[in-house]
**Q** 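Handing you a structure now.
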2 protein chains.
Amino acid sequence: MTVTQSEAVANGAIATRARPAAERTCAAPSVHPRPAGRDRYTISEVAEHTGLSAHTLRWYERIGLMPHVDRTHTGQRRFTNRDLDWLSLVTKLRLTGMPVADMVRYAELVRVGESTFSERERLLTAHREDVRRRIAELQSTLDILDYKIDIYADARRASERF
Amino acid sequence: MTVTQSEAVANGAIATRARPAAERTCAAPSVHPRPAGRDRYTISEVAEHTGLSAHTLRWYERIGLMPHVDRTHTGQRRFTNRDLDWLSLVTKLRLTGMPVADMVRYAELVRVGESTFSERERLLTAHREDVRRRIAELQSTLDILDYKIDIYADARRASERF
DNA sequence: CGCTTGCTTGGAGTGCACTCCAACTCTCTA
DNA sequence: TAGAGAGTTGGAGTGCACTCCAAGCAAGCG
């Protein structure tokens, strides 16, 4: 369920090389385009948009992973485009296995303001190293999988020849 | 703790491109070289060797993730080189996020014998797709991280100039 | 012989990241 | 104004993958 977004991401197949800088954006292009001119979304709209459940969105807020979310006079949440941008970063980081605790830490730093730039840089740099490690790891497993699958495929082809 | 092995893997930095086939081996070169001529290891030796805890090794056996492990006359486990090979595959698959349940399924198929080749092929192929998806995902997050880190680094350099 | 070290077991406990529940309020449409 | 449907809360429950515990056995050493 949480993985919905990743499938869209993967459509570009194995594109492992870094894309040119011009193509990089902060808020990743999302599956459900944002209705223009709106800036107040209900929790279920955001759930639909991000692929996260309403439960999870409330939980994220409870644990301090969201900046302050607006409320109507009766206490219902109204998310803004800024919130969607933030969630898009958060889901990205989540998909790459950053622990929720680390993301909460990052969110706290963002709340504090510019004085935390260098610590934020450190945090993200550490995570980037982690992601690079994981890519290398996955790549090496891919080689093993190729090898094993080849063996099974060869066996199948051999048995099909008769 | 379980990640010990991955760090060795990552030493080759970002090497995301597929390596030549000649370099691919089934049993990955391990951190602790196997003492030659031995073929009976205690659980703690195997723990040391694989980076898994003795607890985890016992648990793997309990849930059916290990082929039958030899015992001494007093009931202590003695692992063989074959077991180490198997564990090296298992840890690889684990590090790439294959669920334990799927690995148990695979282990069952291996136990049954050659008649399950095609299903094993299917299982591994599905996982390979998964791994490819994940690599693409990680890569796209890497781009976002680069972008964000650049911003923080620029801010830092700007403030350092005075 | 006593002590330490290492192994055995089933079952209970842990940490993470949700996920759901009960009981309630609010909004909207007929 | 009634009723459906969507929202609210704190707290409990779930699933995964370990991780630990208690109680006990076995081998080696001084």
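In the text below, chain A, chain B and the rest are named by the order of the sequence lines, each starting its count at 1.
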**Q** Report the residues that fulfil side chain to side chain contact (heavy atoms under 4.5 Å, CB included) with Pro99(A), sequence neighbours left out, ordered by chain and then residue number.
**A**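 For Pro99(A) the side chain to side chain contact (heavy atoms under 4.5 Å, CB included) partners, ignoring immediate neighbours, are Asp102(A).
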
**Q** Within this structure, what is the CD1-to-P distance between Ile63(B) and dG10(C), rounded to whole angstrom?
**A**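 Computing the Ile63(B):CD1 to dG10(C):P distance gives 14 Å.
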
**Q** Phosphate oxygens OP1/OP2 of dC18(D): is one of them under 4.0 Å from a side-chain N or O of Ser53(B)?
**A**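 No, Ser53(B) has no side-chain N/O under 4.0 Å of OP1/OP2 on dC18(D).
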
**Q** Taking Asp146(A) for the side chain and Asp143(A) for the main chain, is one N or O donor matched with an acceptor at less than 3.5 Å?
**A**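 Answer holds: no.
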
**Q** Any residue in residues 99-111 of chain B with a heavy atom nearer than 4.0 angstrom to DNA chain C? Just list them by number, or reply none.
**A**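 Nothing qualifies; none.
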
**Q** Please tabulate the protein-to-nucleotide N/O contacts below 3.5 Å involving nucleotides 11-13 of chain D, giving atom names and distances.
**A**
unit_1  : atom_1 : unit_2   : atom_2 : d
dG11(D) : N7     : Arg62(A) : NH1    : 3.1
dG11(D) : O6     : Arg62(A) : NH2    : 3.1

**Q** Is the backbone N or O of Arg78(B) less than 3.5 Å from a side-chain atom of Asp70(B), with the two atoms forming a donor-acceptor pair by type?
**A**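 Absent.
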
**Q** Hey, can you pull the residues of residues 69-80 of chain B with a non-hydrogen atom under 4.0 angstrom from DNA chain D?
**A**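 Those residues whose heavy atoms fall under 4.0 Å from DNA chain D, taken from residues 69-80 of chain B in numerical order, are His73(B), Thr74(B).
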
**Q** Counting the atoms with a prime plus P, OP1 and OP2 as sugar-phosphate, which does Thr42(B) contact under 4.0 Å by heavy atoms, base, sugar-phosphate, or nothing?
**A**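 Here Thr42(B) touches the backbone only, sparing every base.
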
**Q** Checking His127(A) against Thr96(A): is there a side-chain donor and acceptor pair closer than 3.5 Å?
**A**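 The answer is yes; a qualifying pair exists.
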
**Q** Does OP1 or OP2 of dC18(C) have a side-chain N or O of Arg94(A) closer than 4.0 Å?
**A**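 Yes, within the criterion.
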
**Q** Taking the nucleotide of DNA chain D with the nearest heavy atom to each, does Met98(B) or His55(B) sit closer to the 5' end?
**A**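 Between the two, 5'-proximity favours Met98(B).
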
**Q** Please give, in whole Å, the distance from dG5(D) C1' to Ile43(A) CD1?
**A**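 Atom CD1 in Ile43(A) sits about 15 Å away from atom C1' in dG5(D).
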
**Q** List, one per line, each side-chain donor-acceptor pair under 3.5 Å for residues 103-112 of chain A, sequence neighbours excluded.
**A**
unit_1    : atom_1 : unit_2    : atom_2 : d
Arg105(A) : NH2    : Glu119(A) : OE1    : 3.3
Arg105(A) : NH2    : Glu119(A) : OE2    : 2.8
Tyr106(A) : OH     : Tyr152(B) : OH     : 2.8
Arg111(A) : NH1    : Met66(A)  : O      : 3.4
Arg111(A) : NH2    : Gly64(A)  : O      : 3.3

**Q** Identify, with sequence neighbours excluded, every residue that meets side-chain hydrogen bond (donor to acceptor under 3.5 Å, both in side chains) alongside Asp154(A).
**A**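 Arg157(A).
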
**Q** Are any of Tyr60(B)'s side-chain N or O atoms less than 4.0 Å away from OP1 or OP2 of dC18(D)?
**A**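 Answer yes for this pair, as a side-chain N or O of Tyr60(B) is under 4.0 Å from OP1 or OP2.
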
